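For reference, positions follow the sequence shown, starting with 1. Nothing here was measured: the structure is a model prediction, and the numbers come from that model.
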Amino acid sequence: MNSRCALVSQVIPFSCVDGPGSRLALFLQGCNLRCKTCHNPWTIGRCNDCGVCVPHCPHDALNIQAGRVWWQENDCQKCDTCLRLCPQQATPMAMRLSVDDLLAQIRKVAPFIEGITVSGGEATTQLPFLTALFSAVKTDAELKHLTCLVDSNGLLSETGWQKLLPVFDGAMLDLKAWNNEHHRFLTGRENPQIKHSIQWLAQHQRLSELRLLVIPEHCDYLEHLGALSAFIRSLGEVPVRINAFHAHGVYGEAASWRSATADDVEPLALALEKRKITVIRPALYL
């Protein structure tokens with residue numbers, strides 16, 4: 001029995017966009033970045049039971065009991081009113097699930113998936129749970145064939161990655177900006193630790209994919225193309241996935257920013273390919 005728990009935003013049994021093949025995708029609640037462009041902004045914070053959302057739920061799916069906000073799943077119509085109102089950028093619908101709870105869900109779909117991907121929020125903010133889950137998968141006779149991937153912002157320390165190293169197969173990391181000041185503008189945090197994580201994972205053959213986000217008028221990759229491309233080449237044979245920013249679901253300032261098109265992505269894609277870097281273009285544009 002493994003009762004270690006995590007605060008979980010969502011479990012998607014079958015996903016084809018969270019790593020190679022069909023995968024179970026697990027989204028943990030809570031993030032240590034505050035990205036202006038976040039498409040899941042309600043996964044950033046954690047509910048502090050302030051109750052702001054409760055009287056505004058149009059379906060009476062929320063109430064307060066003993067000072068805690070409770071979500072009534074049977075009454076919820078998924079209108080997202082609570083998500084838009086939350087001052088914590090959280091959700092009252094987050095679930096506390098144990099490793100055993102997740103293993104039960106994984107077993108139901110194991111014959112039909114290639115692996116599991118833990119995302120967020122930021123998966124590594126709940127590192128003990130993450131390590132326990134992957135360890136349980138790798139030691140289970142029925143599940144050990146599944147690959148265990150992390151979708152991460154890279155803020156985890158080297159010590160943290162070392163704890164994960166024996167039990168996970170790879171990480172997909174985002175580098176939101178090359179310049180440190182610009183990265184702070186976009187995310188609220190600096191990027192030296194993220195760059196170090198990218199290099200460390202590559203050195204240990206655990207960097208599955210490096211991701212760059214093209215935000216029209218708000219990204220600096222082409223401005224620092226020489227340094228960026230040299231950095232990427234130093235990682236070895238690591239594919240670079242270019243994602244196109246879209247404003248759908250974004251809160252705040254970036255909600256008014258222009259969504260990226262193929263014309264915005266191509267200059268960066270071609271420039272990297274010219275420098276012998278493998279590029280994966282966006283599958284679609286919204």
Side-chain angles (χ1 to χ4, degrees), residues 27-46 87-90 118-128 130 149-165 168 170-204 206-236 238 240-245 247 250-255 257 260 268 271-272 277:
F27 294 84
L28 302 188
Q29 187 73 24
C31 188
N32 44 11
L33 289 184
R34 294 294 183 269
C35 297
K36 295 178 186 290
T37 56
C38 183
H39 294 143
N40 302 306
W42 58 90
T43 66
I44 291 176
R46 295 191 178 191
Q88 305 300 321
Q89 289 191 274
V118 185
S119 184
E122 170 52 36
T124 62
T125 61
Q126 301 189 60
L127 183 62
L130 189 60
L149 300 180
V150 180
D151 189 340
S152 173
N153 62 29
L155 273 182
L156 186 65
S157 67
E158 185 174 317
T159 302
W161 290 120
Q162 288 171 344
K163 291 177 180 178
L164 269 177
L165 188 62
F168 86 128
M172 299 168 284
L173 260 67
D174 294 279
L175 182 60
K176 299 293 177 65
W178 177 259
N179 176 267
N180 193 38
E181 291 298 319
H182 193 61
H183 193 275
R184 188 187 297 118
F185 164 73
L186 289 175
T187 71
R189 297 289 295 271
E190 299 184 346
N191 66 11
Q193 177 59 53
I194 295 169
K195 291 178 180 177
H196 180 71
S197 289
I198 291 168
Q199 292 171 317
W200 190 90
L201 288 164
Q203 290 166 4
H204 291 82
R206 291 296 191 279
L207 185 60
S208 301
E209 189 175 272
L210 177 63
R211 294 174 173 177
L212 305 178
L213 178 65
V214 170
I215 315 164
E217 291 85 48
H218 293 284
C219 66
D220 70 346
Y221 303 126
L222 287 174
E223 181 182 348
H224 300 282
L225 183 62
L228 173 65
S229 57
F231 175 80
I232 295 172
R233 287 199 305 271
S234 75
L235 304 175
V238 174
V240 175
R241 181 179 297 277
I242 300 179
N243 288 325
F245 167 73
V250 174
Y251 291 176
E253 176 185 354
W257 292 357
L268 177 61
L272 293 177
I277 293 168

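- In this structure R184 satisfies the salt bridge (charged side-chain N to carboxylate O under 4.0 Å, His left out) test together with E181, E190, sequence neighbours excluded.
- Here the CG-CG distance, from L186 to L33, works out to 10.5 Å after rounding to the nearest 0.5 Å.
- Here C35 contributes atom SG and I44 contributes atom CD1; the two are 7.0 Å apart, rounded to the nearest 0.5 Å.
- Inter-residue side-chain proximity for L164 and L127 is flagged as met; some heavy-atom pair is nearer than 4.5 Å.
- Between the side chain of R206 and the backbone N or O of H204, at least one donor-acceptor pair lies under 3.5 Å.
- Using a 30° and 60° split on the angle between ring planes, W161 and F168 fall in the parallel class, below 30°.
- A distance-only check finds no donor-acceptor pair linking the side chain of H39 to the backbone of F245 [under 3.5 Å].
- Closest non-hydrogen pair, Q29 versus A90, comes out as NE2-CA, 3.8 Å.
- Without hydrogens or angle criteria, S157 side chain to G160 main chain gives a donor-acceptor distance under 3.5 Å.
- Counting heavy atoms from C-beta on, the side chains of T187 and N153 never come closer than 4.5 Å.
- Taking the side chain as every heavy atom from C-beta outward, W257 and V250 never approach each other to under 4.5 Å.
- Here M172 contributes atom CE and S119 contributes atom OG; the two are 7.5 Å apart, rounded to the nearest 0.5 Å.
- Scanning all heavy atoms of the two residues, the minimum distance from H182 to H218 falls at NE2-O, 2.8 Å.
- Residues I232 and V238 are not in side-chain contact: their nearest non-hydrogen atoms beyond the backbone lie 4.5 Å or more apart.
- Put simply, the side chain of E158 never gets that close to the backbone of Q193: no donor and acceptor are under 3.5 Å apart.
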Tell me, with the steps shown, if R211 and D151 meet side-chain contact (heavy atoms from CB on, under 4.5 Å).
CA-CA 10 Å; R211 294 174 173 177; D151 189 340; 2.9 Å; yes

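- The CD1 atom of I242 sits 9.5 Å away from the SG atom of C219 when rounded to the nearest 0.5 Å.
- Counting heavy atoms from C-beta on, the side chains of L210 and R241 never come closer than 4.5 Å.
- The minimum heavy-atom distance linking G154 with L173 is given by the pair CA-CD2, 3.6 Å.
- At least one side-chain heavy atom of L212 sits under 4.5 Å from a side-chain heavy atom of L228.
- To the nearest 0.5 Å, atoms CZ (R46) and CD (Q88) are separated by 12.5 Å.
- Put simply, the side chain of N40 never gets that close to the backbone of T43: no donor and acceptor are under 3.5 Å apart.
- Side chain of K195 to backbone of L175: no donor-acceptor contact under 3.5 angstrom is found.
- Between A123 and L28, the closest heavy-atom pair is O-CD1, 3.7 Å.
- Judged by distance alone, with hydrogens and angles left aside, the side-chain atoms of D220 form a donor-acceptor pair with the main-chain N or O of N179 at under 3.5 Å.
- Considering all non-hydrogen atoms of both residues, Y221 and L213 come closest at OH-N, 3.0 Å.
- Nearest approach of I194 to D174, heavy atoms of both residues: CG2-O, 3.6 Å.
- T125 places no side-chain N or O within 3.5 Å of a backbone atom of N32 that could act as its donor or acceptor partner.
- From C31, atom SG reaches atom CZ of R189 across 9.5 Å, with rounding to the nearest 0.5 Å.
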Go through it in stages, so that I can follow the logic: the residues are T124 and L155, the test is side-chain contact (heavy atoms from CB on, under 4.5 Å), and I'd like the CA-CA distance, side-chain angles, deciding distance and then a yes or no.
CA-CA 8 Å; T124 62; L155 273 182; over 6 Å; no

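- Sorted by first and then second residue, the salt bridge (charged side-chain N to carboxylate O under 4.0 Å, His left out) pairs with a member in residues 29-38 read K36-E253; sequence neighbours excluded.
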